[in-house]
Amino acid sequence: MEKITIHEFDFALINEFFVELERQGPGSPEQTIKALGFIDNLSNKTKIADLGCGTGAQTMVLVQNTEATITALDLYDGSIDKLNATARKLGLQNRVKGIVGSMDNLPFQNDEFDIIWSEGAIANIGFEKGLNYWKRFLKKGGYIAVTYESWFTDERPAEIEKWWLDAVPEMGTIGYNISIMQKTGYIPVAAFTLPENCWIDNYFIPQKARQEEFLKKHVGNKTVEDMIAFLRREADLYSKYKQYYGYVFYIGKKM
Ligand code: SAM
């Protein structure tokens, strides 16, 4: 398919890079299970939507730690193909279905789900907009569980503030994000910070070999060089400024 905008080219390239990795964002099975522990009334009737699922690292944790049925959605078809292949390999294809779609135009019915899950992806629609828009697809009393980039302090050095405000313009503190959750019609149930190993061991370290391989594959491609430089800077900034920000799991219940 011909590339229409630089944006689409970047999206394809980023996904070509990340589809070979187990995770596409910071997280871990332990933290997904911890978040699941705040959710009541799980049964074999529970229906979960996992939005921005990537290749399904957290989807497989959810399906293996519940009896639920899961619809996992991502914009990138390569990730969905991989997720569906993993589900088949694990014999879980009856309870997990990956579909291609956009989180801002969901192909679901109102009140269809008991849980909406989303790790590392809600910034693509916006925290407030996502919480507002996704609520209609949840049953009353249903849960939302998302991880989202958050500030730990009211003030931070200009270098890191600029980096994140370019990437996630509405990024706020944990207190602010909880207030948004309440304002958009959820009872805040829990908020906890992902530990550093979710970033370092599960996100930055696995990228290293892939970065070398990707540079070799696309030798001389300036866009690829820029993208790898961006990812390396993201890791450097994390080690320099990690006391100021991180991913936080927010769990809320629809009123
Ligand atoms: N949840 C996965 C994980 O934690 O490993 C993936 C997180 S990755 C940081 C963000 C994901 O959001 C990518 O897989 C990307 O393709 C997806 N994404 C971006 N924009 C999207 C949209 N509008 N609708 C659905 N998925 C989207």
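Atom set for the values below is all heavy atoms of this structure, side chains included, hydrogens, waters and symmetry mates excluded. Index from 1, following the sequence. Atoms within each ligand, like the ligands themselves, are counted from 1 in listed order.
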If hydrophobic clusters are built by linking Ile, Leu, Val, Met, Phe, Trp and Tyr wherever their side-chain heavy atoms come under 4.5 Å apart, do Leu73 and Ile80 end up in the same one?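 Unlinked, Leu73 and Ile80 end up in two clusters.
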Atom indices of ligand 1 within 4.0 angstrom of Ser102 heavy atoms, with elements: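 Near Ser102, the atoms of ligand 1 are 22 (C), 23 (N), 24 (N).
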Look at atom NZ of Lys183 and say whether more than 12 heavy atoms of other residues, nucleotides or ligands are closer to it than 6.0 Å.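 For Lys183, atom NZ is not crowded (no more than 12 foreign heavy atoms under 6.0 Å).
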Looking only at heavy atoms of Ser79, does any of them come nearer than 4.0 Å to an atom of ligand 1? no
Surrounding CD of Glu159 (heavy atoms of other residues, nucleotides or ligands, distance under 6.0 Å), is the total greater than 12? yes
Under a 4.0 Å heavy-atom limit, does Cys53 contact ligand 1 with its side chain, its backbone, both, or neither? backbone
Any residue meeting ring pair (Phe, Tyr, Trp, His ring centres under 6.0 Å) with Tyr133, in chain and number order, not counting sequence neighbours: Phe137
By number and element, which atoms of ligand 1 are closer than 4.0 Å to a non-hydrogen atom of Gln58?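 Matching atoms, with element in brackets: 1 (N), 2 (C), 3 (C), 4 (O), 5 (O).
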Heavy-atom gap Asp74 to ligand 1 smaller than 4.0 Å: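 Within the 4.0 Å threshold, so yes.
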Distance from atom 18 (N) of ligand 1 to nearest protein heavy atom, with residue and atom: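 I find the closest protein heavy atom is Asn124 ND2, 3.8 Å.
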Restricting to pairs with a member in residues 76-112, which pass ring pair (Phe, Tyr, Trp, His ring centres under 6.0 Å), not counting sequence neighbours?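 Found Phe108-Phe113.
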Which one of Gly52, Gly120, Ser28, Ala57 has a non-hydrogen atom at the shortest distance from atom 6 (C) of ligand 1? Gly52
How close does the nearest protein non-hydrogen atom get to atom 7 (C) of ligand 1, and which residue and atom is it? Glu119 O, 3.5 Å
Distance to 0.1 Å, residue and atom name: give those for the protein heavy atom nearest to atom 26 (N) of ligand 1.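 Minimum-distance protein heavy atom for atom 26 (N) of ligand 1 reads Leu75 N, 3.3 Å.
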For Phe249, is the NZ or CZ atom of Lys34 found under 6.0 angstrom from the centre of its six-membered ring and inside 45 degrees of the ring axis?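 No, cation not above the ring by the 6.0 Å, 45° rule.
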Would you check if Leu21 and Thr55 make a side-chain contact, meaning some heavy-atom pair closer than 4.5 Å? no
Minimum-distance protein heavy atom relative to atom 5 (O) of ligand 1: Gln24 N, 2.9 Å
I'd like to check which ligand 1 atoms, numbered from 1 as shown, lie under 4.0 Å from a non-hydrogen atom of Asn15. 16 (O)
Looking at Gly101, which atoms of ligand 1 are within less than 4.0 Å of one of its heavy atoms? 24 (N), 25 (C)
Taking a cutoff of less than 4.0 Å between a non-hydrogen atom of the residue and any ligand atom, is Pro26 in contact with ligand 1?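 Checking ligand 1 against Pro26, which is what was asked, there is no heavy-atom contact under 4.0 Å.
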Test side chain to side chain contact (heavy atoms under 4.5 Å, CB included) applied to Trp117 and Leu51, Leu36, Ile144, Val146, the passing residue: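 That would be Leu36; it is the only one of Leu51, Leu36, Ile144, Val146 passing the side chain to side chain contact (heavy atoms under 4.5 Å, CB included) with Trp117.
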Same cluster or not: Trp134 versus Met255, using hydrophobic residues (I, L, V, M, F, W, Y) connected whenever any side-chain heavy atoms lie under 4.5 Å apart? no
Give the minimum heavy-atom separation between Glu16 and Phe214, together with the two atoms involved.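 The pair with the smallest heavy-atom distance is OE2-CE1, 3.5 Å.
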Just to confirm my output: which protein heavy-atom neighbour is closest to atom 27 (C) of ligand 1, and how far is it?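 For atom 27 (C) of ligand 1, the nearest protein heavy atom comes out as Met103 CE, 3.6 Å.
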Numbering the atoms of ligand 1 from 1, which are under 4.0 Å from a heavy atom of Phe11?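 That gives atoms 16 (O) of ligand 1.
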